[in-house]
Amino acid sequence: MRILVVEDDEVLMNGLQVGLGISGFTVDAVTTCDGAEAALTANRFDALVLDLMLPDGSGLDVLANLRSRGATLPVLLLTARDAVSDRIVGLDAGADDYLGKPFDLHEVAARLRALIRRSAGRASAILTWQGISLDPSRLAVTCGGAPIRISRREFSVLHALMERPGTILSKSQLEEKLYGWQEGVESNTVEVHIHHLRGKLGNRLIETVRGVGYRLCEYRP
Amino acid sequence: MTSIRARLFLILIVTTGLVWLSAVAWTYFSTRAEVERVLDARLTEAARMVSSLITSQEINVAQLGARQTAIAATPHAPYDRQLSCQIWSFDGSLVGRSDGAPAGPLSDHNAGFSETRIDGQIWRVYAVENPELGARILVGDNLRIRDRLVGDVIKGLVLPASLIMPILAGLIWASVGGGLAPLNRMATALKGRSASDLSPLANNASAAEIRPVISALNDLFTRVADARERERNFTAFAAHELRTPLAGLKTQAQVALASNDSTIRDKALTHIVLGVDQTSRLVRQLLDVAEIEAREPDPAAEISPGEALSTIADDLLAHQKPGSRIVIDHRLFEVRLSIQSELFMLAARNLLENALAYSPIGGIVRCGLVMNRAQTCISIDDEGPGIPADELSRVSERFFRGRHKTAVGSGLGLSIAELALGRADASLRLVNKPEGGLRAEIVIGSDRVRKMGDAQSSN
């Protein structure tokens with residue numbers, strides 16, 4: 001799950017980036033409205049965490065631009081102004097959720113998971129496919145009830161594939177989910193993670209569509 | 001006296017009373033003079049009349065002397081018997097007298113006016129001699145009657161006055177009350193207000209004398225409301241600004257708790273230290289702002305800007321950016337500023353801190369002095385990125401942090417400098433230098449700057 005954090009306070013921005021990273025998110029962070037606009041046009045994110053008071057304008061303007069482009073991306077506003085009237089303005093401007101500072105890191109992560117789940121139209125927080133279940137809140141995967149040890153990157157790949165079973169994801173789409181642009185992408189890492197996943201969950205789970213990408217395949221064990 | 005009404009009432013009553021009394025006194029004296037003039041004329045006339053009657057032999061002095069008859073008696077009206085007449089022969093015998101005239105001589109004067117006391121009463125007498133017949137005619141009237149006449153006139157004045165005075169007092173009391181009604185209305189309007197109601201008082205219906213008071217009050221209300229608004233904004237902003245670093249601290253702390261990776265934990269702890277620095281600086285600055293706003297201005301003292309700047313510079317360099325340098329122009333040591341020293345130090349500290357924060361590592365901050373006839377500028381130049389032109393007018397707003405911001409900045413430094421300088425009757429000017437970097441200038445009137453050389457030559 002790749003998210004964009006727009007926050008101008010360096011300590012907080014770094015905390016969100018690292019903290020949400022620990023919770024299994026791939027986090028990109030920018031500090032200005034301009035940076036946010038650029039990042040949003042150039043990349044696909046699963047959610048946006050937006051501060052309201054930014055050095056070159058208000059986060060509400062970013063939000064308005066985003067919505068005027070028809071983007072349905074879930075947006076969580078993080079702000080020190082959390083009077084009821086401020087919250088109403090924020091939500092009416094197109095935000096999906098609102099958290100007042102100071103907040104709890106785990107709550108931010110939980111709310112982001114909930115927002116992403118709802119935007120994907122799923123009812124349950126736990127993703128299941130062919131006996132495999134994936135719990136994004138605990139970064140845990142079980143196969144036939146037995147817990148599987150899995151790395152964070154592998155989890156991200158599996159999560160991306162399980163969000164829309166049967167849909168083909170290209171290698172670059174998977175890379176996008178795995179790495180923020182601030183991180184260097186090593187070549188063939190996606191292949192390595194897919195290989196590991198197949199080793200842990202069975203060879204036939206992830207199907208390679210030659211020249212296009214990967215998808216989960218329905219197989220009869 | 002506390003009550004305007006009572007004071008006005010007393011003043012009006014006393015002045016009215018005094019005017020009345022002086023009118024009475026004036027009437028008394030003028031009436032008295034007039035009465036005396038008229039009655040004296042009557043005396044003279046009467047005496048001459050009698051004298052001419054004798055001369056024309058209508059009254060025979062010799063016969064009369066034997067008969068001692070009185071001039072016909074008449075019924076007495078209140079002002080009757082005003083005149084008494086005696087006719088004496090030159091040999092000293094009473095020839096005749098009028099009804100009610102005393103038996104003794106009215107006067108021993110031979111001719112003209114005189115006053116005589118007879119039986120405890122004073123008579124005004126006019127004497128005329130008739131040498132042809134050898135008679136002296138004395139006509140007199142009792143002064144008591146004159147006094148009664150004058151007294152009656154005065155009584156006629158004072159009696160209605162003493163009846164009217166209480167009515168007048170009542171009227172004055174009521175009309176003073178009526179005149180003060182706009183004040184009372186204003187007082188009632190103010191009394192009924194809550195402490196937070198600073199809306200202006202209606203000024204259309206009130207009296208011309210009250211209007212300036214109301215408009216001054218309304219001005220005061222506006223100023224107080226402005227000050228309150230600023231205070232409220234400030235508190236809101238301060239709360240807001242404190243919440244972001246607190247959120248940062250909490251998030252980093254949670255990262256440190258959640259992570260098993262020692263590198264991540266160390267980084268989080270480093271960030272916590274940075275965040276605490278930032279927050280404590282913010283708190284210190286908030287306290288500075290609160291103190292500047294609350295404090296009564298100190299008396300201005302003479303300070304050496306060079307000494308002040310180098311004290312601050314030593315302190316700053318010891319704690320922050322040890323690689324940087326602060327160069328202070330020697331001319332700054334050769335002048336004395338007349339300024340509230342704490343305010344100057346506060347402004348200079350924030351400006352220097354700012355300059356250091358924006359300077360590259362190893363950069364030089366230069367402090368200089370420019371004097372002309374009207375103004376003296378103490379400049380602090382850095383080698384930083386300057387301030388984007390569109391932000392120049394906004395940077396001294398509280399909590400405004402531009403695009404070029406530093407990790408520990410709070411957005412308060414420049415507004416503190418501006419606030420402190422404003423309190424010290426100086427001002428802050430920010431200019432981007434053409435060669436890059438920002439110049440912050442403390443601008444002060446040159447009349448408050450003294451060159452040390454001048455002082456030595458004058459001593």
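Quantities reported herein were computed from a predicted structural model and do not represent experimental measurements. Chain letters run A, B, ... following the sequence lines, proteins first, then strands; residues in each count from 1.
- In A/His106, the NE2 atom is crowded: over 12 heavy atoms of neighbouring residues, nucleotides or ligands sit closer than 6.0 Å.
- In this structure, A/Lys200 places its NZ atom where more than 12 heavy-atom neighbours from other residues, nucleotides or ligands lie under 6.0 Å away.
- The shortest non-hydrogen separation linking B/Gln252 to A/Gly15 is NE2-N, 2.9 Å.
- With rounding to the nearest 0.5 angstrom, the CD atom of B/Gln278 is 4.5 Å from the CG atom of A/Asp9.
- Nearest heavy atom pair, residue A/Leu105 against residue B/Thr251, reads CD1-CG2, 3.6 Å.
- Atom CZ of A/Arg138 is surrounded by 12 or fewer heavy atoms from other residues, nucleotides or ligands within 6.0 Å.
- No donor-acceptor pair closer than 3.5 Å links the side chain of B/Gln254 to the backbone N or O of A/Gly19.
- Put simply, CD on A/Glu10 and NE2 on B/His271 are 5.5 Å apart, with the number rounded to the nearest 0.5 Å.
- Closest of all the heavy-atom pairs between B/Ser259 and A/Ile22 is CB-CD1, 3.6 Å.
- Here the CG atom belonging to A/Asp51 is positioned 6.0 Å from the OG1 atom belonging to B/Thr244, to the nearest 0.5 angstrom.
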